[in-house]
There are 2 protein chains.
Amino acid sequence: MQANITEILRKHQLSITEARKKILSLFWETGNAMAHGDIEQKSSADFDRVTIYRTLQTFVEKGIIHTIPTADNSVRYALCKDECAAGHHHDDHVHFICDDCGITYCIDEVSVPKVKLPKGFKAAQTDLVISGTCNKCDL
Amino acid sequence: MQANITEILRKHQLSITEARKKILSLFWETGNAMAHGDIEQKSSADFDRVTIYRTLQTFVEKGIIHTIPTADNSVRYALCKDECAAGHHHDDHVHFICDDCGITYCIDEVSVPKVKLPKGFKAAQTDLVISGTCNKCDL
DNA sequence: TACAACAATGCAACTTTGTTGCAAAATATT
DNA sequence: AATATTTTGCAACAAAGTTGCATTGTTGTA
Ligand SMILES: [Mn+2]
Ligand SMILES: [Mn+2]
Ligand SMILES: [Zn+2]
Ligand SMILES: [Zn+2]
């Protein structure tokens, strides 16, 4: 996987640095979405806060991760699939945030339905975020 | 309209204060959604920042306004329709954020489609937020 | 491998945003 | 009008995010 990480960075024309390798591997390890704070914790102060901000920003721009809107002022980030590129994200899947455990899931198997908007409104991006109880917390 | 504002507050068993009247009337005047910062500006420093935070929180709890998640760490608030009550919101309409002018619309005429989630996932709330160009900015 | 060019990082300082406790003021209740 | 209850403003704080710049690390080339 370590080789994979480096390859991804190279593919997106990013120089290979410790911070980027570490943060990107965190995404692969956890599998789920992470907020800036999560990353700060999990990287256990290996990097400056500012570096994490800048790394996330770079990753979003390059199409490596995408943002997930939330109703609590804390944007989450998750890995993009292969289709995403520098200027163009194609993360048209549903996101699920568990009210219980707080985990944010990319529900890749469910895609966002197309909706018809009133005249004059042109959609560029559609985000469908569902909150509730996840399959781990469901007793 | 002034009478209306007071009536709404009373209906939700809130005491009638200057801050609440002003902030609630702002929502009626603008028509669209507002972030905390917008309100702070439009109320032109009439109230303490803390009062605005607390008022918004109260309004959400009482079912007077609802939150709209965004991908840029700035939750927006908009008026609920009549159906919403203290514990139970029913704002199942689509939201639209214009990338151009920044206005956030409640698209009341388009309701959020039901989606089928994987086994074990139980939806409590669904938010569909679309960004793009609004009908004013569409040339 | 060594060097130069370039990019990323850490640090400090700062701004913005949000939270909490408490006394003063406003509102509701009698 | 007097009292009980809520709300507000203030201050102090915590958390989150931004910016400039010197230092360090990375990359491509000699
Ligand atoms: Mn996703
Ligand atoms: Mn709405
Ligand atoms: Zn859960
Ligand atoms: Zn617009």
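Keep in mind it's a predicted model, so treat the numbers as computed, not measured. Below, chains carry the letters A, B, ... as their sequence lines are ordered, and counting in each starts from 1.
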| Between B:Leu26 and B:Ile39, does a side chain to side chain contact (heavy atoms under 4.5 Å, CB included) hold up when you go through it step by step? | CA-CA 8 Å; B:Leu26 272 181; B:Ile39 296 164; 4.3 Å; yes

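- With A:Met34 as reference, A:Lys42 is the one residue of A:Arg76, A:Gln41, A:Lys42, A:Glu40 to meet the side chain to side chain contact (heavy atoms under 4.5 Å, CB included) rule.
- In this structure, A:Leu24 is a member of the same hydrophobic cluster as A:Leu14, with clusters built from ILVMFWY side-chain heavy atoms closer than 4.5 Å.
- Atom-to-atom, NZ of B:Lys22 to P of C:dA26 comes out at 18 Å; the value is rounded to the nearest Å.
- Taking atom OH on B:Tyr53 and atom P on D:dC10, their separation rounds to 16 Å, with Å as the unit.
- Salt-bridge formation is not detected for the pair B:Lys81/B:Asp91: no Lys NZ or Arg NE/NH1/NH2 atom is positioned less than 4.0 Å from an Asp or Glu carboxylate oxygen.
- If you measure from atom CZ of A:Arg10 to atom P of D:dT27, you get 7 Å, rounded to the nearest angstrom.
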Any N/O pairs under 3.5 Å between the protein and nucleotides 8-12 of chain C? List them or say none.
residue	atom	partner	partner atom	Å
C:dA8	OP1	A:Arg20	NH1	3.1
C:dA8	OP1	A:Arg20	NH2	2.7
C:dT9	OP1	A:Thr17	OG1	2.8
C:dG10	OP2	A:Asp48	N	3.1
C:dG10	OP2	A:Thr51	OG1	2.5
C:dG10	N7	A:Arg54	NH2	3.2
C:dG10	O6	A:Arg54	NH2	2.6

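- Judged purely by atom type and a 3.5 angstrom limit, A:Asn73 uses its side chain to pair as donor or acceptor with the backbone of B:Val75.
- Rounded to a whole Å, the NE2 atom of A:His36 is 7 Å from the P atom of D:dG17.
- Within the 3.5 Å criterion, the main-chain N or O of B:Ile16 finds no donor-acceptor partner in the side chain of B:Arg10.
- The aromatic ring centroids of B:Phe121 and A:Tyr105 lie less than 6.0 Å from each other.
- Rounded to whole angstrom, the span from the CG atom of B:Leu56 across to the C1' atom of D:dT7 amounts to 15 Å.
- Note: CD1 (B:Ile39) to C1' (C:dT17) measures 14 Å, nearest angstrom.
- Taking atom NE2 of B:His12 as the reference point, atom C1' of D:dT6 lies 18 Å away to the nearest angstrom.
- Near-neighbour residues of DNA chain D inside residues 65-80 of chain B, defined by a heavy atom below 4.0 Å, number-ordered: B:Asn73.
- Here the P atom of nucleotide D:dT7 and the CG atom of B:Leu9 are 11 Å apart, to the nearest Å.
- In the model, A:Asp72 has a side-chain atom that pairs as donor or acceptor with a side-chain atom of A:Ser74 under 3.5 Å.
- Taking each heavy atom of B:Ala78 and B:Cys106 in turn, the nearest pair found is CB-SG, 3.5 Å.
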